[in-house]
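Below, read A as the first sequence line, B as the second, and so on, with proteins coming before strands; counting in each chain starts at 1.
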Protein chains: 2
Amino acid sequence: MLSDLNYKHLHYFWAVARAGSVTAAARQLGMTAQTVSGQISRLEQHIGRALFTQQGRGLVLTEAGRMALGYADRIFQLGEELQEMLADEQLDHTLRLSSGISDVLPKSIAYRLLQPALALPQRVRLHCTEGAFDQLLHELSSHSLDLVLADRPAPAAAQQTLQSYLLARCPVMIFATPALAERYQSGFPHSLQRAPLLLPSRDNVLRGQLEHWLDERGIRPDIVGEFKDGALLHTFGEQGAGLFPAPAFAASDITGSGKLCLLGLVEGVEEQYYAIANRRKLQHTAVQAIIQHAESE
Amino acid sequence: MLSDLNYKHLHYFWAVARAGSVTAAARQLGMTAQTVSGQISRLEQHIGRALFTQQGRGLVLTEAGRMALGYADRIFQLGEELQEMLADEQLDHTLRLSSGISDVLPKSIAYRLLQPALALPQRVRLHCTEGAFDQLLHELSSHSLDLVLADRPAPAAAQQTLQSYLLARCPVMIFATPALAERYQSGFPHSLQRAPLLLPSRDNVLRGQLEHWLDERGIRPDIVGEFKDGALLHTFGEQGAGLFPAPAFAASDITGSGKLCLLGLVEGVEEQYYAIANRRKLQHTAVQAIIQHAESE
DNA sequence: ATGATTATTCGAAAAAATCTGATAAATATT
DNA sequence: AATATTTATCAGATTTTTTCGAATAATCAT
């Protein structure tokens, strides 16, 4: 890494660029012009290029200075926001956890996975966003999210900054209404030949695994629907549109009402649930709780 | 404004939060743990709230600390980008001007307005983006643009940070193909009653002015087309789709080829061209040139 | 219990920032 | 044209901040 930038110097540079002159900036800062001028010289010396050039008895930004000004603007705007945020009372009372939930994730699972955070002794306020995997990862990187729940780990390219934790894995089973179940029950899984089947959409990792499982056994079902949203898939299944896969977790919920029956296990296929967070040593307390709870199981 | 944040302290805080402990951070920074610990205490004292709490023999972030960490991440990431940018050779050679051009602005006018920047003694590299007015203003605020050209000034709400300069004003005239001109020439402007007319779309300020001009005179033309893009409007006009308004600037270009004739002046209506930039004393050299050139006319 | 690890406190030393006084260049004023 | 004012900068003394060394208290592993 480069030797560190002196933000105090940068702040003076910023003030001068905004005020239009060393004198004016010094007046605003409550300092002498000599000091400000000197400190900026130090900055220029440190970075090895001029930020201002003298023109007449005033200063003009160099190209480097102009670019630097853009960065300085953003940096000190963030600094001011930070101070405002810190000045806000009623901050330390509740712990905030901003989590993003991948839209391919079953909602009931999301609740289970987040549960350990809510069980903490402190008051926790949960902020949930739903969205596409890539978009959520982006928000994670820009630090507007603390945690992302998804059905896959972060891509290898992001391993430098993001860390993925396998929270849970769950066998997958096929369910159906009693009418359909009766017809396709015997001889499972080969009975699925030409059976009406509902599948998750292609951006769901489970989709690939299921197709592979079917291929391996030479089963060619009649795919009557693809669903991005697991809840929607479930609803269609409940109406008898077709057989459908669901994580074993949900088995009791699904068969409990009596409207749906279990056909069988999709052997060798399991759904996986990951938590993805920024890679750092000191994790968010709530994130820690979620990961540790998963490890202990 | 609040008393200033010490970015050196914040940097230590950031290092500790990332490294996971004072000791580890100190080692990475090449300093003693005492120093780092002490400087962070100063920061906490300054902002008046704890960022870490001791847990066991380690540290845990408080809620305030967690929020601060998010800001620190962004701040120091920008700082590193700034340093990388400054380390880049071949920077001072050419002056970059990133300008956004509102999509309702005639392209030929945009060139005229930017011309003074290209006439500078320095080498200038122009980066042009086209887009909706609001979007461009947003990019201006986030400092990814130096300048926006539009047909209106920045809204009053943004007057604090943005400054608008009237670059030019230009009377508006009505043009048409010879065939149409012959028919609607005499008795202008009242001859426009039920005449086929091409107009700019509603997000163009000129549109409102033209309608007002027509209303005032009780003229109800037959509006055969609305165009967001001025060039497209011009092309349709050239093909004889209808009479069309254009800035007087372009009069000689338009009538020069002989394919189009001037019908008359739209009295009291003029198109205005504004440059909008971030409000600061030390402007971009190229922006200065553009504004000064306009003032001198 | 003992030894190792971690954060913190205190005072001295080192480094950095700031001020006072003075100089040079450019512009404005007379 | 001569003079005064404004602007940036230089040099040295002074103040403030940062840093380190030594010592202490708390926690964890063995």
Side-chain angles (χ1 to χ4, degrees), chain A residues 3-47 49-62 64-65 69 76 280-283 285 288 292, chain B residues 3-47 49-62 64-65 68-69 280-283 285 288 292:
Chain A
S3 66
D4 263 336
L5 187 63
N6 186 326
Y7 284 79
K8 200 165 201 173
H9 292 169
L10 188 67
H11 187 242
Y12 293 154
F13 158 76
W14 187 57
V16 171
R18 279 159 45 106
S21 77
V22 173
T23 326
R27 195 164 37 237
Q28 287 176 18
L29 292 165
M31 307 180 58
T32 48
Q34 296 92 307
T35 304
V36 176
S37 172
Q39 296 298 88
I40 289 179
S41 297
R42 288 258 174 115
L43 176 60
E44 290 179 324
Q45 195 176 341
H46 175 81
I47 63 178
R49 72 180 354 128
L51 296 169
F52 294 107
T53 47
Q54 256 179 307
Q55 188 173 90
R57 59 184 176 190
L59 296 177
V60 188
L61 282 169
T62 63
L69 180 55
F76 294 113
R280 42 171 70 115
K281 287 281 165 53
L282 243 50
Q283 273 302 352
T285 316
Q288 271 181 353
Q292 280 168 14
Chain B
S3 66
D4 264 335
L5 186 64
N6 186 326
Y7 284 79
K8 201 166 198 175
H9 293 168
L10 187 67
H11 188 242
Y12 293 154
F13 158 77
W14 186 58
V16 170
R18 279 159 45 106
S21 77
V22 173
T23 327
R27 196 164 36 238
Q28 286 176 20
L29 293 165
M31 307 181 59
T32 50
Q34 301 91 295
T35 304
V36 176
S37 173
Q39 296 299 86
I40 290 179
S41 297
R42 289 249 173 130
L43 176 60
E44 290 180 326
Q45 194 176 342
H46 175 81
I47 63 178
R49 73 178 355 127
L51 296 170
F52 294 107
T53 48
Q54 258 179 308
Q55 189 173 90
R57 58 183 175 190
L59 295 177
V60 187
L61 281 168
T62 63
L69 179 55
R280 42 170 70 114
K281 288 278 166 54
L282 243 52
Q283 275 298 356
T285 316
Q288 271 182 351
Q292 280 169 14

Exercise for the section: For A/T35 and for A/Q55, locate the closest nucleotide of DNA chain C by heavy-atom distance; then report the residue assigned to the nucleotide nearer the 5' terminus. Expected result: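 Whichever sits nearer the 5' end wins; that is A/T35.
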Exercise for the section: Map B/S41 and B/R27 onto DNA chain C by nearest heavy atom, then report which one ends up closer to the 5' terminus. Expected result: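 In this pair, the answer is B/R27.
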Establish, with yes or no, whether the OP1 or OP2 oxygen of [N] is under 4.0 angstrom from a side-chain nitrogen or oxygen of [X].
| X | N | value |
| --- | --- | --- |
| B/T23 | C/dA7 | yes |
| A/T32 | C/dC19 | yes |
| B/S37 | C/dT8 | yes |
| B/K8 | D/dT19 | yes |
| B/N6 | D/dT18 | yes |
| A/H9 | C/dA16 | no |
| A/Q39 | C/dT18 | yes |

Handout entry: Main-chain N/O of A/A50 paired to A/E44 side chain as donor or acceptor, under 3.5 Å
Key =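 Checked: no pair found.
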Using whole Å, report how far [atom1] of [X] lies from [atom2] of [N].
| X | N | atom1 | atom2 | value |
| --- | --- | --- | --- | --- |
| B/H46 | D/dT17 | NE2 | C1' | 14 Å |
| B/Y7 | C/dA17 | OH | P | 16 Å |
| A/L59 | D/dT6 | CG | P | 17 Å |
| B/D4 | D/dT17 | CG | P | 13 Å |
| B/H11 | D/dT17 | NE2 | P | 21 Å |
| A/F52 | D/dA8 | CZ | C1' | 12 Å |
| B/E44 | C/dA7 | CD | P | 13 Å |
| B/M31 | D/dG21 | CE | C1' | 14 Å |

Handout entry: Within 6.0 angstrom of A/R280 CZ, more than 12 heavy atoms from elsewhere
Key =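 Result for CZ/A/R280: enclosed.
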Just to be sure I understand the rule, does [X] reach a base, reach only the sugar-phosphate, or reach nothing, if contact means heavy atoms closer than 4.0 Å?
| X | result |
| --- | --- |
| B/R42 | base |
| B/S21 | sugar-phosphate |
| A/Q34 | base |

Fill in the blank from the handout: In short, A/L61 meets A/A17 closest at the heavy-atom pair CD2-CB, 4.4 Å
Problem - For the student: nearest non-hydrogen atoms of A/G20 and B/K281, plus distance - result: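 It is CA-CB, 3.5 Å.
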Problem - Which residue lies more 5' along DNA chain D, comparing A/V16 with B/Y12 via nearest heavy atoms - result: A/V16
Practice task
Going by the side chain to side chain contact (heavy atoms under 4.5 Å, CB included) test, name the single residue among B/Y12, B/Y7, B/F13 that passes it with B/L43.
Solution key: B/F13
Exercise for the section: Please evaluate the base of D/dT27 for a donor-acceptor partner in the side chain of B/R57 within a cut-off of under 3.5 Å? Expected result: yes
Handout entry: Any A/D4 side-chain heavy atom under 4.5 Å of B/H11 side chain
Key =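 SC-SC contact between A/D4 and B/H11 confirmed.
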